[in-house]
There are 2 protein chains.
Amino acid sequence: MVNESLELIKKEIIKIEETLRTLQVSQHPFINQVSEYVLFSGGKRVRPLLCVLSAKALDPDILSSIYEISLLFEYLHVATLLHDDVVDGAEFRRGRKAARNLWGNQATILVGDYLYAKALKMASSLKDPDIMEIITETTLLMSEGEVLQLLHLDDTELTEEDYYEVIYRKTAVLMGCACKVGALFASKNSNFSQSLYHFGLNLGMAFQIIDDLLDYTSTETGKDLGKDFKEGKVTLPVILSLKEADERDKKEILFLLKTKEIDKKDFQRICELLTKYQAFEKTLEKGKEFISKAKEELEKLPPSPYKEALFFMADYLLRRKK
Amino acid sequence: MVNESLELIKKEIIKIEETLRTLQVSQHPFINQVSEYVLFSGGKRVRPLLCVLSAKALDPDILSSIYEISLLFEYLHVATLLHDDVVDGAEFRRGRKAARNLWGNQATILVGDYLYAKALKMASSLKDPDIMEIITETTLLMSEGEVLQLLHLDDTELTEEDYYEVIYRKTAVLMGCACKVGALFASKNSNFSQSLYHFGLNLGMAFQIIDDLLDYTSTETGKDLGKDFKEGKVTLPVILSLKEADERDKKEILFLLKTKEIDKKDFQRICELLTKYQAFEKTLEKGKEFISKAKEELEKLPPSPYKEALFFMADYLLRRKK
């Protein structure tokens, strides 16, 4: 079963990649150049894959135009990455120079706007008001979330609830939306589309939690280890350890968090402190909880190899190293 | 007739302003603060007005929700202004500090994204695929235009055709879209909505041409006189004079255009040179041509005071001083 799911996922990713290569982003070489640089920089195509698998779980013989539709979520995702990089002043993205480092902030902002507009144009070509509604609702939640995240920057008082709100808007809603749009395109059964929506939301929560965990524990992400901490960004491992830490350790964590230049030894120390309070295990545990909720939603779907592939994705997410 | 039209326009603008004040941009005070700063900075509400008048020209008893709908064009417009200011590094906007000068580039980019998303959410709530299609097509053309404009920056070889392409995307398509959406909301007659679309497009072309002319000739715009020229921006008055100028004058215009620090005397000199080649009259003439085309489209509509008000707007545009 597991091997079958893996094969099926590989096949779908190949089709998604093929479609991405055929589809022209724009008629203008410069827009294509910048877009392709970010579109082909090792993205895992999680969002298009969720959209395709959700659609096929409800209708295995769905029109092949689903591949093109699924890509609107990659365009939306990449558009937010471009603006994020400008806002964060990022130097690198996925182990390569950030686009803003090659073409400047101006072009990066505007190509981000273009990709966003392109995604919405693709969505509107479906002429389905329900699809349009969930997509515009999602982009509104996301953009509001981006502003709130900027205001929360360096906020060491961030609670677990605040954190969930941030990652809900940053990651979960787009994954939920990708699933729901796939479902709406495939079937008019609103129970199924709601189940797939909630599956995607919970999967997205877990995805971001694991992403934030890997920032401390994995050297395979293409990001610098401890990048978030070095930037003073408060994520779940820090929140969970601050909750339990005694006054002295709490002070030390907060002090290191505010320190501008963190060296290897400082980072080792923070990992020691977080380990002392089992922050990494507890973070993984929270991720698992969201994955359980996601899988509960999946149970409501009719049996199919695509449903199994979605289960596989959910489990895989907890084991991923990058 | 003229006085009636003016009264009618004043009344509609008051309703648009009232609706704008009632409508909450977001639940978040910070997003509201930044948005309201740009939304209430002396904008002329041209786009919402075009939308309302177009709708009422086809159905004078239209639902009062047209006022709320019309505002999506103000939101879209302001979103582009916010991103423009970041891209241009603008210090001022409409005689006041630019938003980026008060809240920084990061917040300005993200609130721009938010307003854009908000506008599209408002559009999708109408659940009308034709409306959604023209709006997403328009935002795509606009964002593509923004990138092209960035690439053309400081391009002294810009032809009259290139210039029209730039202002078509920068200004005309959104005004055309505002008219068309008003028309589509009011009536299923696609001849009328196409006429109003082309009316808006041509009006938009004239609007931008006059705007670029006023940059040389008016002290009432709230902008520095000659701002475009000082930034090396090539607009129609320069293009038309370069076309006719002898080698010596051409060299001087190009030299002044590339000069970083333009003083009052330099600007007087450039105005002399442009006057020598009747660039201002000729620019006004081009504006008049587009207004004629716009009015031809209007002729196709059934008679109504709202149609007359649109004629009035077209004529007024040529006489405006700011």
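By convention in this document, chain letters (A, B, ...) are assigned in the order of the sequence lines, proteins followed by strands, and residues within each chain are numbered from 1.
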- [ ] Kindly indicate whether the side chain of B:V147, heavy atoms from C-beta on, has any atom under 4.5 Å from the side chain of A:H28.
- [x]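 Result no, sub-4.5 Å side-chain heavy-atom pair not found.
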
- [ ] State, with a plain yes or no, whether a side-chain heavy atom of A:K127 is found less than 4.5 Å away from one of B:D130.
- [x] yes

Residue [X] versus chain B: region with a heavy atom under 4.5 Å:
| X | value |
| --- | --- |
| A:N105 | neither |
| A:I135 | neither |
| A:L140 | both |
| A:I109 | side chain |
| A:V34 | neither |

Open item on the list: Is B:L120 close to chain A through its backbone or its side chain, or both, or neither, when contacts mean heavy atoms under 4.5 Å?
Closed with: both

- [ ] Sort B:L115 into side chain, backbone, both or neither according to what part of it lies under 4.5 angstrom from a heavy atom of chain A.
- [x] neither

Return yes when atom [atom1] of [X] has more than 12 non-hydrogen atoms of other residues, nucleotides or ligands closer than 6.0 Å, and no otherwise.
| X | atom1 | value |
| --- | --- | --- |
| A:Q24 | CD | yes |
| B:E137 | CD | yes |
| B:E68 | CD | no |

- [ ] Go through B:T139, B:V86, B:L150 and name the one with the most non-hydrogen pairs under 4.5 angstrom from chain A.
- [x]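 The candidate making the most pairs under 4.5 Å is B:L150.
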
Grab the two heavy atoms, one from [X] and one from [Y], that are nearest each other, plus how far apart they are.
| X | Y | result |
| --- | --- | --- |
| B:S124 | A:T136 | OG-OG1, 2.8 Å |
| B:Q27 | A:E144 | N-OE2, 4.2 Å |
| B:L110 | A:E146 | CD1-O, 3.5 Å |

Task: Sequence neighbours excluded - ring-ring contact (aromatic ring centres under 6.0 Å, His included) pairs with any residue from residues 128-158 of chain B - done: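 Of all non-adjacent pairs touching residues 128-158 of chain B, none passes ring-ring contact (aromatic ring centres under 6.0 Å, His included).
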
TODO: Mind jotting down which residue pairs meet the ring-ring contact (aromatic ring centres under 6.0 Å, His included) criterion with at least one end in residues 112-139 of chain B? Sequence neighbours excluded, please.
DONE: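 Listed by first then second residue: A:Y116-B:Y116.
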
Task: Point-to-point distance, once rounded to the nearest 0.5 Å, from NZ of B:K121 to CD of A:E133 - done: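 If we round to the nearest 0.5 Å, B:K121:NZ and A:E133:CD are 5.0 Å apart.
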
